[in-house]
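Here is how names work: the chains are called A, B, and so on, in the same order as the sequence lines, proteins then strands, and each is numbered from 1. The analysis underlying the following values was restricted to heavy atoms, covering all of them including side chains, and did not include hydrogens, waters or symmetry mates.
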2 protein chains.
Amino acid sequence: MAILQLLLKENLFLRDPQETELGRKIVQDSIMMIDELGFEKFTFKKLAQRIDSTEASIYRYFENKHRLLVYLIAWYWNWIEYRIDFGTQNIDDPKRRLEIAIRIIAEKKEKDASFPQIDEEALYRIVIAESDKTYLTKQVDEDNKEGLFRGFKSLCGKIASYILEINPDFEYPHSLVTTALQTGHQQLFYAEHLPSLSNFKKSNGDIYKQNEDFLKQLVFNAIHA
Amino acid sequence: MAILQLLLKENLFLRDPQETELGRKIVQDSIMMIDELGFEKFTFKKLAQRIDSTEASIYRYFENKHRLLVYLIAWYWNWIEYRIDFGTQNIDDPKRRLEIAIRIIAEKKEKDASFPQIDEEALYRIVIAESDKTYLTKQVDEDNKEGLFRGFKSLCGKIASYILEINPDFEYPHSLVTTALQTGHQQLFYAEHLPSLSNFKKSNGDIYKQNEDFLKQLVFNAIHA
DNA sequence: ACCTATTTAAAAGTATTACTATCAATTATG
DNA sequence: CATAATTGATAGTAATACTTTTAAATAGGT
C-alpha cells in the first residue's frame with residue numbers, strides 16, 4: 001500500500017508539522033493526549049513534556065491549542081473526503097455514491113495504513129467529542145475568513161451534489177448533509193455516555209451498523225419527500 | 001399573565017439562585033455576559049465586577065462556571081418542556097402534538113412575560129452556541145450520574161413518546177428527537193456564521209420558518225418509513 | 001570542510017484564570 | 001434584640017496560555 005500525505009494548507013499551521021520530525025511528533029502525540037485528557041485539560045506544556053520538547057517549540061508550529069485542534073479536525077475531514085473519492089471511483093449512480101458516502105461516515109474507523117503517522121481511531125474519538133468546539137467560538141467568523149473550515153465545506157458540498165443529482169428539487173441538501181455528519185457523531189457519543197438519548201444499543205449488535213442504518217433512513221427518506 | 005418559576009433542583013447549584021437577590025443577579029447578568037463574551041472568555045471575576053459583588057460570593061451559588069452553564073441550559077430545556085406542555089393541552093392527535101413541539105423548538109424565541117427574570121432571547125443564543133459544551137467533557141459520566149441532564153432527557157422522552165404513538169414500530173424515536181433538537185440549533189448557527197453549510201437563507205424569508213419546515217420534513221419523513 | 005542561516009532547547013517572565021481561605025461587616029430570622 | 005447566615009473585602013495559590021531572550025545544535029550552500 002502506498003504511503004500518502006494529505007496536503008493541508010493555508011492558515012492551519014504556522015510551520016507545516018508534516019515536514020519535520022518534531023512537527024510529526026506534535027501531531028501524533030497531541031492526538032494521543034487530547035484523546036486521553038480531553039481538549040480542556042490538554043496543554044502545550046504537558047505535550048512538550050511528553051515529547052521532550054518545550055512549549056516555545058510547539059508554538060512555532062501552531063499559534064495556540066485551538067488552532068492545533070482545528071488542524072486535526074481538518075485533517076480528519078480531508079481524510080474522509082479522500083476515502084469517499086476512493087470508494088466512489090467508477091460509480092455512476094448517485095444513489096449508490098450517496099450510500100457509500102454514508103457508510104464511510106458512519107462506519108467504525110480503523111487504522112489506515114496509507115497514513116502511518118496518524119492514529120485514526122484516537123482521532124475519531126476526538127472528532128466525536130471535540131470537533132464542534134472548532135467553530136463554536138466567538139472568533140468563528142474570523143477563522144472562517146481565514147479558510148480554516150474549507151475541508152469540511154468541501155466534503156459537505158460534494159455529498160450535497162450527490163443529493164441534488166438524485167433529487168434536483170430538494171431544498172435543503174447542505175443542511176441535510178451537515179445534519180447527517182453531526183448526527184453520526186452525536187449518536188455515538190450519546191450511546192456511550194447518555195444512552196437514554198439514543199436508541200443505538202450495543203446489545204442490538206454492531207453500533208456502527210445502527211449508525212449507518214439510522215443515517216440512511218434519515219437521508220433517503222428526507223430526499224424523496 | 002401569571003409569573004412563574006421553574007423548579008430546578010438537585011446538583012444544579014450549591015445555593016438556589018432563584019431565592020435571593022444576588023442569586024437572581026448572577027443568573028440574569030451571566031446570561032448577558034456569556035452572550036456577549038462567549039463562554040470561554042466569561043469568568044466569575046468579570047461577572048462579580050459587573051454585578052458589584054465578589055468572586056467568592058458567586059462561588060457560593062455555583063461550584064464553577066461550567067455548572068452555571070449547565071444550570072442555564074437546564075433552565076432552557078425546562079422552559080421548552082413547559083411551553084410544549086402548555087401548547088399541547090387538550091390536543092389528542094399525536095401528529096398534531098408533534099407538530100406543535102417542532103414548531104416550539106424551531107421558532108424564534110421571544111421574551112416570555114411569565115419569567116421576567118430571564119432574557120430568553122439572549123439565553124437562546126447561548127443555547128445555540130454553548131449548550132453542547134455542557135456534555136462534551138471528560139466529566140460527562142459523573143455529571144450525568146448527578147442528574148444534571150435530567151431536563152433534557154425528560155423533554156426528549158416526551159417527544160419520543162409522541163413519535164411512538166404515531167408509529168410504534170419506529171426504531172429510533174430518541175435518536176430522531178435528539179437529532180432534531182440539535183439540528184435546530186446547528187442550522188441557525190450555520191446560517192449566521194457558516195452559510196455555505198446550510199440552505200437556510202435570510203433572503204428566503206423568515207429563517208425560523210425554514211427551520212420549522214426542515215425539521216418537520218426530516219422528522220415526519222423518517223417516522224413514516 | 002567551513003560559514004551562515006535556521007531551528008530548537010532552556011529558562012525565565014507575565015497576565016489571567018480558577019479557584020480557596022479568612023475575617024469582618026451586614027442582613028435576616030426567631 | 002441576639003444570633004445565625006450571608007456577603008464583601010482581601011489575599012493567596014497553582015495552573016494556564018502565552019512571550020521573550022539567549023545559547024546550543026543542526027542543516028544547507030559553496
Q: Please state whether the rings of B/Trp77 and B/Phe152 are parallel, tilted or perpendicular, taking 30° and 60° as the class boundaries.
A: tilted
Contact list (N/O, under 3.5 angstrom) for nucleotides 24-28 of chain D vs protein:
none

Q) For B/Glu192, which residues count as a side chain to side chain contact (heavy atoms under 4.5 Å, CB included) partner, sequence neighbours excluded? A) B/Lys202
Q | Helix axis bend for the helix from C/dA1-D/dT30 to C/dG30-D/dC1 - C1'-based end axes, five pairs, 10° rounding | A | 30°
Q) When every nucleotide of nucleotides 9-20 of chain C is labelled 5' to 3' by its protein contacts under 4.0 Å (heavy atoms), B for base, S for sugar-phosphate only, - for none, what sequence of letters results? A) BB------SBBB
**Q.** Qualifying residues under side chain to side chain donor-acceptor pair (under 3.5 Å), relative to B/Ser196, sequence neighbours excluded
**A.** none
**Q.** Contacts of type side chain to side chain donor-acceptor pair (under 3.5 Å), residue A/Asp119, not counting sequence neighbours
**A.** none
Q | Contacts of type ring-ring contact (aromatic ring centres under 6.0 Å, His included), residue A/Tyr162, not counting sequence neighbours | A | none
(Q) From CD1 of A/Ile58 over to P of D/dA17, roughly how many Å is that when rounded to an integer? (A) 12 Å
**Q.** side chain to side chain donor-acceptor pair (under 3.5 Å) involving A/Asn204 - partner list, sequence neighbours excluded
**A.** none
Q.
Can you list everything that forms a ring-ring contact (aromatic ring centres under 6.0 Å, His included) with A/Phe200? Sequence neighbours excluded, please.
A. A/Phe214, B/Tyr172
Q. Parallel, tilted or perpendicular: which describes the rings of A/Tyr208 and A/Tyr124, with under 30° parallel and over 60° perpendicular?
A. tilted
Q: Nearest whole angstrom, please: distance from the C1' of D/dA4 to the CZ of B/Arg15.
A: 12 Å
Q: Nearest whole angstrom, please: distance from the C1' of C/dT8 to the CZ of A/Arg24.
A: 15 Å
Q.
Going by the rule side chain to side chain contact (heavy atoms under 4.5 Å, CB included), which residues pair with B/Thr20 if we only count those two or more places apart in sequence or in a different chain?
A. B/Leu22, B/Tyr61
**Q.** Atom-pair distance (CD on B/Glu19; P on C/dA28), nearest Å
**A.** 14 Å
Q: Using a 4.0 Å heavy-atom cut-off across all strands, classify B/Phe62 as base, sugar-phosphate, or nothing.
A: nothing
Q | Partners passing side chain to side chain donor-acceptor pair (under 3.5 Å) against A/Glu146 (at least two apart in sequence or in another chain) | A | A/Arg67
(Q) Measure NZ/A/Lys25 against P/C/dT7 and give the value in whole Å, please. (A) 19 Å
Q | Results of salt bridge (charged side-chain N to carboxylate O under 4.0 Å, His left out) for B/Glu121 - residues two or more places apart only | A | none
